[in-house]
Amino acid sequence: MPEITYREAINQAIKEEMQRDESVFLMGEEVGQYHGAYKVTQGLMDSFGRDRVIDTPISESGFAGLGVGAAMMGLRPIVEFMTWSFSFVAFDQIINNAANMRYMSGGLINVPIVFRGPANGGVNVGATHSHTPENFYAHIPGLKVICPANAYDAKGLMKMAIRDNDPVCILENTILYNQTAEVPEEEYLIPFGEADIKRSGSDISLIAHGRSVITALEAADKLQAEHNINAEVVDLRCLRPLDEKTILESVKKTNRVVYVEENKPFCGTGAQIACLIQEKAFDHLDAEIKRVCTLDAPQIYSMPREKDQLPTADRVVETALTIL
Amino acid sequence: MSHNPAQASINTLLSQEEKIHLYREMVRIRRFEERSVRSYQQGHIGGFCHVYNGQEAVAAGTISVLGPDDHIITAYRDHAHALMVGMDMNSLMAELYGKETGCSKGKGGSMHFFDPSKNFWGGHGIVGGQTPLGAGLAFALKYQGKKGACLTYLGDGAVNQGPFYEALNLASLWNLPLIYIIENNQYSMGTSQERGCAGDTLAGRGSGFGIYNEVIEEGNDVYTIRERTSEALQRAYEEQRPSILEIKTYRYRGHSMSDPDKTYRSKEEIEEYKKTSDPIDRFQEQLVGESVLSVEQAEAINKEAKEEAERAVEFAEQSDFPTKEAIQQDIFWETDNPEQGSSQGTFFFN
Ligand SMILES: Cc1ncc(C[n+]2csc(CCOP(=O)(O)OP(=O)(O)O)c2C)c(N)n1
Ligand SMILES: [Mg+2]
């Protein structure tokens, strides 16, 4: 199997789906002539022309809403946010329009749109540019929310999202764009709502989504090497729909949980997962559920301090040891 | 035709020293930016860093005519505005280095310089986000009965953000002493004006709101910019009416330090502008022509500015990074001033 980057995986997914379905088009700032601010859409304008790969002005509210309207008519827009931090100026279009349209029309309308782009800290761009709003969007019934952690998942989930008949938010990660993984040449899709055991273990469950899965895997290696503890790493992949079954099975096996995420802790994804576990697997817990999140503050610019603010493998190990 | 902005009273009133000072400010901006670029390339500066080279006449011209109750707010390309309001190079360079001695204690970075004590309400990272804030600053001035205006800067790309239009309507409806300065450097990242903006001029978008607007073609001429800005200020002071000035300019470097600048314009285009239209060269020639400045003096000013930027780097290097505790300070006024607060309950959730 060829090794490709996370960036290439997304590029391939978009390309294949655009080849397959004429109604799919891509829209966003600098996606065409500039090949994408992070080069994810490299070459797509050359392949599909300016009618299907559309450079927009800096008008997120306008083009996100336009995308929703086009999707109501049966087109399948892929709307790129240069980063998800900029989706906040389009919040109303995503939440009030994309997410609610089907419900408010009593099921007469559906909105097959993909909103995608990176959402992460760790690159010293400060508070306005470092948001990880997957929990905001997962909060909204009507939106599906996906956070791929590697190239394989990114491709399979992206293709699925483009074929999905509901609005899907895919939150990528600029730090992962250069990471490689083996990705088959033949076509594959990854259904939503299937978590993935990225490392099988018996002593503790490290549950995570997005880049924090990589942090959890690092922590699991350290726990094994330095403390002889065999951790299981569960990658949610999708926040909504959520794979409750895999989470609960893992808890029943290990009886201990640390949730790792780049979200800020208050009302973060980990809070929801902890609630689920205590509700449905209370008797299987041998310790309180712990979380390792980004420190509860706006993102700091200063380089060494942003490292401290983000979840690290060491912090995961330390936290895990407190409940073992 | 024969109108000569150098002869406008706002410019003829300048003493020789004041003219040389203005020249020095433009040079300091250029040297600071060049030094920032080098530090960025050496890995001392993180994230996004947007430099101002080529646009110096805009910040220098507009800010040099402001009075004590005038305020400014801008976007992320904010180093020049910060220098022009009189912020110390050391504190700016330290901010770029993420140090606690930086103007925002290393918390904001390049895009988020602030100094309210100098009527500078920042650097703002979200495109267009500052445009209603500027209206709010102007609203406050009027509310407080001050004879002041707010200069609100935005780019040729930012004009396509919705909040700008809501702010324009409010500014006109409520007669706010507000001046929008559109720094039209012809590109919004890799998108040229033709590819991103419908209609004729960007300033002209104010017409629908009944807002005075004009395009300043000679955006590399500091005299012209001073003249037109002071007219807009009079409009704000005397009539409480907003204005839009679209100033044509050009950026020499990529959009930010991470822009390879390969896909949307030619090297020749950049070189041509530098050769024929550089704002600092132009002002230097004018001053030499007026016998205000000699070429030797100009060289000395350049050398001093270089040294000042170098000292700022030393200062930044020798400063400390913020402490870990600082990560959770400066979030709520109340948690920073616990004796004066009245809230109960938990603020932070680690
Ligand atoms: C809402 C939002 N969308 C996108 C961006 C990314 N972005 C930052 S600057 C920029 C281009 C802005 O160009 P312009 O307004 O012309 O200002 P200039 O950079 O030329 O000074 C873009 C797209 C952002 N910061 N905020
Ligand atoms: Mg511009």
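Here is how names work: the chains are called A, B, and so on, in the same order as the sequence lines, proteins then strands, and each is numbered from 1.
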Heavy-atom pairs under 4.5 Å with chain A: which of [options] has the most?
{"options": "B:Gln329, B:Gln328, B:Arg195", "answer": "B:Arg195"}
{"options": "B:Val159, B:Val127, B:Ile126", "answer": "B:Ile126"}
{"options": "B:Gly157, B:Gly128, B:Gly106, B:Ala326", "answer": "B:Gly106"}
{"options": "B:Ser188, B:Pro163, B:Ser258", "answer": "B:Ser188"}

Is it the backbone or the side chain of [X] that comes under 4.5 Å from a heavy atom of chain A, or both, or neither?
{"X": "B:Tyr76", "value": "neither"}
{"X": "B:Met189", "value": "both"}
{"X": "B:Asp330", "value": "neither"}

At a 4.5 Å cut-off on heavy atoms, which part of [X] comes close to chain B: side chain, backbone, both, or neither?
{"X": "A:Arg315", "answer": "neither"}
{"X": "A:Gln299", "answer": "backbone"}
{"X": "A:Ser59", "answer": "both"}
{"X": "A:Phe63", "answer": "neither"}
{"X": "A:Val292", "answer": "neither"}

Euclidean distance, [Y] [atom2] relative to [X] [atom1], rounded to 0.5 Å:
{"X": "A:Asp55", "Y": "B:Tyr264", "atom1": "CG", "atom2": "OH", "value": "13.0 Å"}
{"X": "B:Ile331", "Y": "A:Asp296", "atom1": "CD1", "atom2": "CG", "value": "7.0 Å"}
{"X": "A:Ile300", "Y": "B:Ile327", "atom1": "CD1", "atom2": "CD1", "value": "5.5 Å"}

If you look at every heavy atom in [X] and [Y], which pair is closest and at what distance?
{"X": "A:Thr128", "Y": "B:Gly125", "answer": "OG1-CA, 4.0 Å"}
{"X": "B:Asp259", "Y": "A:Tyr34", "answer": "OD1-OH, 2.7 Å"}
{"X": "B:Pro322", "Y": "A:Ser302", "answer": "CD-OG, 3.3 Å"}
{"X": "B:Ala158", "Y": "A:Ile58", "answer": "N-CD1, 4.4 Å"}
{"X": "A:Val125", "Y": "B:His112", "answer": "O-CE1, 4.3 Å"}
{"X": "A:Met303", "Y": "B:Leu96", "answer": "CE-O, 3.7 Å"}

- Query: According to the interplanar angle, ranging from 0 to 90°, do the rings of B:Phe349 and A:Phe266 count as parallel (below 30°), tilted (30 to 60°) or perpendicular (above 60°)?
  - Reply: tilted
Counting only heavy atoms not in [X] (residues, nucleotides, ligands), do more than 12 fall under 6.0 Å from its [atom1]?
{"X": "B:Asn337", "atom1": "CG", "result": "yes"}
{"X": "B:Lys99", "atom1": "NZ", "result": "yes"}
{"X": "A:His139", "atom1": "NE2", "result": "no"}
{"X": "A:Lys39", "atom1": "NZ", "result": "yes"}

- Item | Heavy-atom donor-acceptor pair, A:Tyr301 side chain to B:Ser110 backbone, under 3.5 Å |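 No: the side chain of A:Tyr301 does not pair with the backbone of B:Ser110.
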- Please check if the side chain of A:Gln33 supplies one atom and the backbone of B:Thr191 the other of a donor-acceptor pair under 3.5 Å.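 Not at all, since once roles are kept as given, no pair shorter than 3.5 Å links the two residues.
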